[in-house]
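All of these numbers come straight from a predicted model, not from anything done at the bench. Here, residue 1 is the first one in the sequence, and each next residue gets the next number.
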Amino acid sequence: MEYLSLILTKIFEFLRPSNPKSNYERQRSNAFISLNLIGLILILVMVVVSIIKPNQNVKMTLFSLGAMLLIMCLSLYFHKQKGLKWIGNIYSLILVITIAVFLNILDEEKTVLYKYLQGFYTSFLLMSIAVLFSSRKILVVNAAIIILSATRVFVFALKHEPQNYDLFLAGYIQYALVVSGFSAILYFAIKFAEDAIHSANEDARIKEIKNQELAASEEEIRASNEELRATSDALKEMNNELTVAKDKAEESNRLKSTFLTNISHEIRTPLNGIVGFSNLISDKEISEQTRDFYSGIIVKSCEQLLKIIDDTLEISRLSTKKASIINDLFDLNLLMDKLISDFRKKAEQKNIDLILENSLDKSGGFIHSDKTKLYRILYSLIENAVKFTNTGYVKVDYNIEKDSIKFQVEDTGIGFDQENSLNIFDSFVQADENIAINYGGLGVGLSIAKENIELMGGQLKVHSTLNKGSVFHFSLPIIKARNVQDQNDVNVRLPEYNVSDKHLVLIAEDEDLNYLFFQKLLEKMNPDLDVFRANNGIEAIEICKANPKIELVFMDVKMPLMNGIEATIKIKEFAPHLPIIVQTAYNTFENEELAFKAGCSDLITKPIDVVFLEQLISKYLYCKVDDEQIF
C-alpha cells in the first residue's frame with residue numbers, strides 16, 4: 001500500500017499544474033485527475049472486452065472508445081499546461097454536448113420512457129460532474145444545453161405517446177425545475193465559494209504583506225540591535241583604549257615627574273660641585289695640592305654634567321629615527337681595552353673583578369663599523385653592570401663569527417624580576433623605582449644602547465634574575481678589515497709629534513672664550529704651531545686663499561656673515577685636499593650630514609674632548625698617509 005500510495009502521489013504531482021493558487025484549486029485538480037484516470041481505466045477495460053468479445057459494431061465501438069481515450073489524454077495534458085480553469089470549462093462543455101447529442105440520436109425502437117429516464121438521470125449526473133470543473137458562466141451554458149436537450153426528448157415523447165401527455169409534461173416541468181434549481185444552487189455555491197476563497201486569499205495576501213512588514217520590521221530591529229551591539233562593542237573598545245591611554249598618560253606623567261626629579265637632582269649635583277669648588281679654588285690661602293684636588297673635582301663634575309646633557313640629547317635624537325651610521329676602520333681590541341681601563345678604577349673601588357675575555361688576536365681586531373656608537377653602547381652596558389654590582393664580577397667578552405660580532409656583558413649584581421618589572425629599555429625607566437634613589441641616574445643608558453644597536457642592525461637581549469645578576473648580549477653585522485697586519489702597523493703610520501716641525505692651523509671661531517680655550521689646548525700640545533683666527537666664514541675663506549700652506553682648519557658651524565658649512569663648501573672649491581674639522585655644540589644628525597656633505601674631514605663637539613683632539617692632530621698633521629690605508 002505504501003508503494004501504491006507513493007506511486008499515486010508521484011502521478012498526481014506530475015499531472016497537476018506546477019503552481020495551484022490555493023488548496024481548493026489543488027483539490028479540484030486532484031478530482032479532475034482522478035475522474036480522468038478512472039475514465040481511462042474503464043475505457044481500457046471496455047477496449048479489452050470489445051476485442052475479446054467483438055459484436056457487430058466493434059469498429060464503431062473501438063473508434064468511439066479511442067476518441068474518448070484521446071479526449072481524456074488531451075484533457076490531462078492541457079490541464080497540466082493551462083490549468084484547471086481553462087480545461088475544466090472545455091471539458092464540461094464537451095460532456096454536456098456529448099450527452100445532448102446522445103439523447104437526440106437514440107434509436108427509434110427505444111421506448112419513450114427509457115429515453116426520458118436515461119436522458120434525465122444521465123444529463124443530471126454529467127452536469128453534476130462537469131460543474132465540478134467549470135466556471136459559473138459555463139454552468140449556465142451547460143444548464144441551457146441540458147434543458148434544450150430535455151425539451152427535444154419531451155417533444156419526441158409526445159410525438160410517439162400522446163396519450164401520456166400529462167405524465168411527460170409533469171416530468172418535463174419537474175426535470176427543468178430540478179436542473180434550473182440545481183444549477184442555481186451550484187451557481188451561488190460556486191460564487192460563495194469563490195468569494196470566500198477570494199476573501200481568504202485577500203486575507204492571506206494582507207497577512208502575507210503584514211508578515212513581510214513584520215519581517216522587515218524584525219530585520220530592521222535586528223539590524224538596529226546589531227548596530228547597537230556594534231556601537232556598544234565600539235564604545236567598550238573605546239573605553240578600553242581610553243583606559244589604556246589614561247593609564248599610559250598617568251604612567252607618562254609619573255615618569256615625567258620622576259624624570260624631572262631625577263634630572264634636577266642629577267644636574268644640581270655636578271653644578272653644586274662646579275659652583276662650590278670654583279668658589280673654594282679662588283681662595284689664595286689653600287695649598288697648591290688642594291687647589292689641584294678641587295680642580296679635579298670641577299673637571300669631573302663638568303664631565304658628569306656633560307654626560308647628562310649628551311644622554312638627554314642622544315635619546316631625543318634617536319627617538320626621531322633620523323640618526324645615521326658612520327662606518328670607520330678601527331681596532332676593536334684597542335677600543336675594548338680603553339673601555340675596560342675607563343672602568344678599572346671604579347671596579348677596584350667597589351672591590352669587584354672586571355674581566356675582559358677576547359678570542360681575537362692582535363691582527364684580527366680591525367673592523368669596519370660605527371666606532372662612536374659601538375663605544376657608547378658598550379660604555380652604557382658596562383657602566384650599568386659596574387654600577388649595580390656590589391660583589392662578585394663584571395665580565396665582558398666578544399668574538400667575531402663570519403660577518404657579525406657578538407658582545408656579552410655579564411654581572412653578579414642586583415638583577416631584576418623580568419616578569420614583574422617595567423620594560424627597562426624604555427626611556428627614563430628603571431626596573432625598580434627605588435633604584436633612582438639608591439643608585440641615581442636618569443634611566444636612559446639602556447634605552448640609548450638599544451636604539452643604537454637596532455640602528456646598527458642588531459637586537460639587544462637580556463636575561464636577569466633578581467639578586468643574582470644580569471646578562472646583556474647582542475650581535476652586530478660588521479665588515480672585517482683587510483690588508484692590515486697588526487697593531488704595530490698602525491702605530492708606524494701614526495708617529496709621535498715632531499716638535500721641531502712648523503704647522504699652520506686655522507681656527508674659525510667667533511666666540512673669544514672658545515677661541516682662547518682652543519688656542520691654549522693646541523699650544524699645550526705643540527708650542528710651535530702657528531695658529532690663525534677667523535671670526536666668520538668669509539674671513540676663513542680669505543685666510544685660506546692668502547695662506548695656501550695652512551694644513552688644518554677647525555671650523556665652527558654657527559658664525560656671523562657666513563656659517564661654517566657654507567665656508568667649508570667654498571674652501572673645498574680651491575683647496576679640495578685641505579682637512580677641515582667641523583666643531584659644533586650641537587652634535588645632531590642634521591649637523592653631521594650637512595658637514596660631511598660639505599666636504600669636512602671630521603667632526604668634534606664642544607666642550608672639546610682633549611684626547612680626541614690629540615688624535616685628530618696626530619692624524620691630520622703628523623701622519624702623511626692616505627686616509628683609505630688607515631681608515
Side-chain angles (χ1 to χ4, degrees), residues 263-311 334 337-352 354 375 379 382-383 386-387 439-441 494-503 505 507 509-533 552 554 556 581 583-585 587 604-622:
I263 198 170
S264 175
H265 174 268
E266 293 295 321
I267 290 177
R268 287 177 182 275
T269 299
L271 279 177
N272 184 59
I274 295 170
V275 175
F277 285 97
S278 295
N279 291 329
L280 292 176
I281 204 171
S282 62
D283 188 355
K284 297 180 180 180
E285 296 182 0
I286 62 175
S287 64
E288 192 66 28
Q289 183 179 1
T290 303
R291 194 184 305 277
D292 292 339
F293 176 70
Y294 290 169
S295 298
I297 293 176
I298 293 173
V299 170
K300 289 183 179 180
S301 298
C302 290
E303 292 174 350
Q304 183 180 354
L305 181 61
L306 180 62
K307 185 178 183 304
I308 293 171
I309 295 172
D310 283 346
D311 285 346
L334 290 179
D337 288 340
K338 183 179 185 308
L339 279 166
I340 295 300
S341 65
D342 289 342
F343 291 98
R344 181 73 66 187
K345 185 176 181 181
K346 190 170 184 179
E348 291 175 353
Q349 290 174 350
K350 298 186 72 172
N351 198 26
I352 60 176
L354 184 57
Y375 181 87
Y379 189 96
I382 298 173
E383 182 184 38
V386 173
K387 179 194 231 181
Y439 293 91
L494 299 176
E496 296 295 330
Y497 297 158
N498 185 352
V499 295
S500 63
D501 294 337
K502 281 286 186 179
H503 298 283
V505 178
I507 301 175
E509 175 61 68
D510 61 317
E511 294 288 343
D512 293 337
L513 183 61
N514 290 338
Y515 169 73
L516 180 61
F517 177 70
F518 218 125
Q519 182 190 34
K520 294 301 181 183
L521 283 178
L522 294 178
E523 289 178 354
K524 185 177 180 181
M525 293 177 189
N526 190 340
D528 293 329
L529 287 176
D530 286 339
V531 178
F532 294 88
R533 180 189 180 184
L552 183 61
F554 289 95
D556 187 26
I581 299 173
Q583 49 170 326
T584 177
N587 184 17
I604 189 170
T605 57
K606 301 174 184 177
I608 303 301
D609 185 336
V610 178
V611 176
F612 185 53
L613 179 61
E614 288 179 347
Q615 293 175 355
L616 292 176
I617 295 294
S618 174
K619 175 180 177 181
Y620 292 107
L621 291 184
Y622 302 102

CD1 on Ile281 to CD1 on Ile298, rounded to 0.5 Å: 4.5 Å

Which atom of Tyr620 lies closest to which atom of Leu552, heavy atoms considered: CB-CD1, 3.9 Å

Spacing of CZ belonging to Phe343 relative to NZ belonging to Lys387, to within rounding of 0.5 Å: 10.5 Å

Pairwise distance CG(Leu334) to OG(Ser341) - rounded to 0.5 angstrom: 10.5 Å

Lys619 NZ to Ile581 CD1 distance, which is reported to the nearest 0.5 Å: 8.0 Å

Nearest non-hydrogen partners of Gln583 and Asp556, listed with the distance: O-OD1, 3.1 Å

Working for side chain to side chain contact (heavy atoms under 4.5 Å, CB included), residues Val531 and Phe554: CA-CA 10 Å; Val531 178; Phe554 289 95; over 6 Å; no

CZ (Phe532) with more than 12 external heavy atoms under 6.0 Å: yes

Set of residues satisfying side chain to side chain donor-acceptor pair (under 3.5 Å) with respect to Thr290, sequence neighbours excluded: Ser287

Partner set under salt bridge (charged side-chain N to carboxylate O under 4.0 Å, His left out) for Lys338, not counting sequence neighbours: Asp342

Side-chain heavy atoms of Leu354 within contact of Lys346, under 4.5 Å: no

Under 3.5 Å, side-chain donor or acceptor atoms of residues 512-523 against the rest of the protein: list the pairs with distances, not counting sequence neighbours.
| residue | atom | partner | partner atom | Å |
| --- | --- | --- | --- | --- |
| Asp512 | OD1 | Arg533 | NH1 | 3.0 |
| Asp512 | OD1 | Arg533 | NH2 | 2.8 |

Gln349 atom CD: more than 12 heavy-atom contacts under 6.0 Å: yes

For Asp530, side chain to side chain contact (heavy atoms under 4.5 Å, CB included) partners two or more places apart: Lys502, Leu504

